[in-house]
Amino acid sequence: MKHTNYYLVLLFLTIAGPLSATYFGNGLKIGEVDQDSAIIWTRLTRDAEFNMQGHMWIDYEIPSERTDSSGRSRVEHASRMPNGATLNDMAFSLPGAAGEVRLIYWPDNDTSKIVEKDWIQVDVNKDHTLQILIDGLKPNTEYDVVLASRNLEGSLRASVTGQFKTAPKSNTVEEVTFTVVTCHDFGRRDNLINGHRIYPSMARIVKPDFIVHAGDIEYYDKADPWARSAELARHKWNRIFALPYQVDFYRQFASYFIKDDHDTLKNDAWPGESYGDLTWEQGLAIYREQVPIGEKTYRTRRWGKDLQIWMVEGRDFRSPNNMPDGPGKTIWGEEQKAWLFNSMEKSDASFKILISPTPIVGPDRGSKNDNHANEGFTWEGDQVREFLSTQDNAFVLCGDRHWQYATVHPETGVREFSAGAGSDMHAGGFKDSQRTEAHKFLRIDGGFLSVSVNRKGGTPQVTFTHYDIDGNPVNAETFASEK
């Protein structure tokens, strides 16, 4: 390989600048990182940033086949564009572009080990996205990344840079810190131009080794527009990950994504349902094209001797919410549940962290019936909590709920930490007056959760810290390993 190729690419881009097409308006994401591999995700765009001058959506009501508790027909919502407008004319739209991408990466501060991948075309049938698996990496090592683009005629156009750190080996004692976020709605972002303020807060205050987005990455079933088609679902992904705060953060830190209901289809969705013209199968496929993801959406990752995380899939295998509760009703499915129980029992990590897109401990609102903390899934919820209570130093982190909390299950002692919504305006759904004895901490505001694993006097310890949206700590609990 000739390193001069890399330097010529950067020199050309510096002098010429981005030209007429094939920008990286959505930046890049570095996902599914382990000790020796990672997946690089990107999307080529027609423009460098989303359309700030476009049309606004027109919302309207449509009849629904569903009825309320009184038997009256419900009303559903839809959106349309102004007469004569196309999707590309709408505010915050970011059209894709055909073209090719070249990936260049190397261990930090060691340009003698530069690796240049071949040019690869983005998939125009998958929203002009591309995912590149890189392997043969060194554990516990920082890497620099450059993506370059060119159009189909071969003219160089733009570049984007990134960085990430690989996981330490399972026998390596290493301090590790990661963050957890959930519940991001474009309409409820707290900086209208730049995005969600938690992202620069995490980058500045915590500087995590990686981030886990625990679901509800976007909300198809919320206004402007109500995403009742695959085209509009992709539109929502494109714009939220074109927000400058998001773009800047995800190019700097390794990430793992978990989906939930609103970013699969609609509120409390299960297999076989649809949302307007958006089918269940389309929802699953769009999620896979929009985030770096491997073969399975449930997986585990080891980060050194003291930390192992498990990320579970809560939509693909679940029974209908309205099915009577019992041994045959499930959220995770038997295969995933057996994998979780077996792999967690075999783990020798000092701390075992289960990250779920929905609560397992709660308590939740009595009106909900969609998670293991709800009455409708009591049988499996009890089974899961009983298993977790047998595991030394096992904890649950959850998304989905729009408030921050730390709770202890009264019967099993299982501890759960809720990350909280991505902005203060997105927080709600619970009240201080609903606080129970299970709550060790409760806060009805937005923010994020940080988890740090280190050693003190040779003893492994883990600290869970809730932060507000500006990076101020509002709660912290530390536990020492009992092993």
Side-chain angles (χ1 to χ4, degrees), residues 18 23-31 41-57 87-88 90-97 127-129 147 158 160-162 179-206 208 211-220 222-225 227 232-255 257 259 262-263 286-287 289-292 399 419-427 446-448 467 469-471:
Y23 292 90
F24 293 101
N26 293 116
L28 63 95
K29 304 183 186 82
I30 305 109
W41 177 98
T42 196
R43 174 177 182 260
L44 287 185
T45 58
R46 187 191 69 182
D47 306 307
E49 57 187 23
F50 49 41
N51 179 6
M52 291 291 296
Q53 305 300 322
H55 299 291
M56 302 306 294
W57 291 92
L87 186 59
N88 294 348
M90 302 305 292
F92 304 107
S93 64
L94 185 61
D127 201 23
H128 305 89
T129 62
L147 294 179
V160 63
T161 62
T179 55
V180 181
V181 301
T182 189
C183 299
H184 288 17
D185 179 21
F186 186 86
R188 286 176 278 188
R189 65 199 185 280
D190 44 16
N191 185 302
L192 294 180
I193 301 300
N194 293 305
H196 290 76
R197 285 158 52 186
I198 59 172
Y199 285 103
S201 297
M202 286 187 287
R204 183 182 71 255
I205 304 297
V206 179
I211 182 175
V212 179
H213 199 310
D216 291 339
I217 305 166
E218 244 292 9
Y219 282 67
Y220 295 163
K222 292 297 180 183
D224 301 321
L232 295 184
R234 288 184 171 115
H235 169 75
K236 284 199 160 185
W237 281 94
N238 299 160
R239 68 182 188 179
I240 200 166
F241 282 107
L243 291 165
Y245 284 163
Q246 272 86 328
V247 169
D248 192 53
F249 183 90
Y250 282 103
R251 71 179 183 84
Q252 297 183 70
F253 302 98
S255 56
F257 290 89
K259 72 175 184 295
H262 297 283
D263 46 11
I286 290 171
Y287 169 76
E289 77 182 19
Q290 295 294 335
V291 300
S423 67
D424 286 345
M425 67 182 68
H426 201 152
F448 61 94
Y467 289 87
I469 59 173
D470 294 315

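For this chain, numbers begin at 1 and follow the sequence in order.
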Between [atom1] of [X] and [atom2] of [Y], what distance do you get to the nearest 0.5 Å?
X	Y	atom1	atom2	result
Asn191	Ser423	CG	OG	11.5 Å
Phe448	Ser201	CZ	OG	6.0 Å
Met90	Arg239	CE	CZ	9.5 Å

If we only count heavy atoms from C-beta on, is the [X] to [Y] side-chain gap below 4.5 Å?
X	Y	value
Ile198	Phe249	no
Asn26	Trp41	yes
Asn88	Asn51	no
Tyr287	Ile217	yes
Tyr23	Glu49	no
Ile286	Arg234	yes

With sequence neighbours excluded, residues passing ring-ring contact (aromatic ring centres under 6.0 Å, His included) with [X]:
X	value
Phe186	Phe92
His184	His196, Tyr199, His213
Tyr219	His262, His426

Work out which heavy atom in [X] is nearest to a heavy atom in [Y]; give both atom names and the distance.
X	Y	value
Thr129	Gln290	CG2-NE2, 4.4 Å
Gly31	Pro292	CA-CG, 3.6 Å
Pro208	Met202	CD-O, 3.6 Å
Ile193	Leu243	O-CD2, 3.8 Å
Ala97	Arg46	CB-N, 3.7 Å
Phe50	Ala242	CD2-CB, 3.6 Å

Quiz item: side-chain contact (heavy atoms from CB on, under 4.5 Å) between Ile30 and Gln252: does it pass, once the steps are laid out?
Solution: CA-CA 8 Å; Ile30 305 109; Gln252 297 183 70; over 6 Å; no
Holding to salt bridge (Lys or Arg N to Asp or Glu O under 4.0 Å), I want the full list of residues that pass it with [X], two or more places apart in sequence or in another chain.
X	result
Asp190	none
Arg251	Asp248
Asp127	Arg43

Quiz item: Should Tyr250 and Phe257 be marked as a ring pair (Phe, Tyr, Trp, His ring centres under 6.0 Å) after you check the CA-CA gap, both sets of side-chain angles, and the distance that decides it?
Solution: CA-CA 12 Å; Tyr250 282 103; Phe257 290 89; 5.5 Å; yes
For [X], side-chain contact (heavy atoms from CB on, under 4.5 Å) partners two or more places apart:
X	result
Leu192	Arg189
Val160	Phe24, Leu28, Leu147
Ala427	none
Leu232	Trp57, Leu87, Pro225, Ala227, Ser229

Quiz prompt | Side-chain donor or acceptor of Asp263 paired with backbone N/O of Asp216 under 3.5 Å | solution = yes
Practice problem: Look only at the side chain of Thr182 and the backbone of Gly399, and say whether a donor-acceptor pair between them is shorter than 3.5 Å. | Solution: no
Quiz item: Residues in side-chain hydrogen bond (donor to acceptor under 3.5 Å, both in side chains) with Trp237, at least two apart?
Solution: Tyr220
Exercise. For side-chain contact (heavy atoms from CB on, under 4.5 Å), just list the numbers for Ile211 and Val180, CA-CA rounded to whole Å, side-chain angles, deciding distance to a tenth of an Å, and then say yes or no.
Key: CA-CA 6 Å; Ile211 182 175; Val180 181; over 6 Å; no
Self-check item: Qualifying salt bridge (charged side-chain N to carboxylate O under 4.0 Å, His left out) pairs with a residue from residues 191-206, counting only residues at least two apart or across chains
Solution: Arg197-Asp470
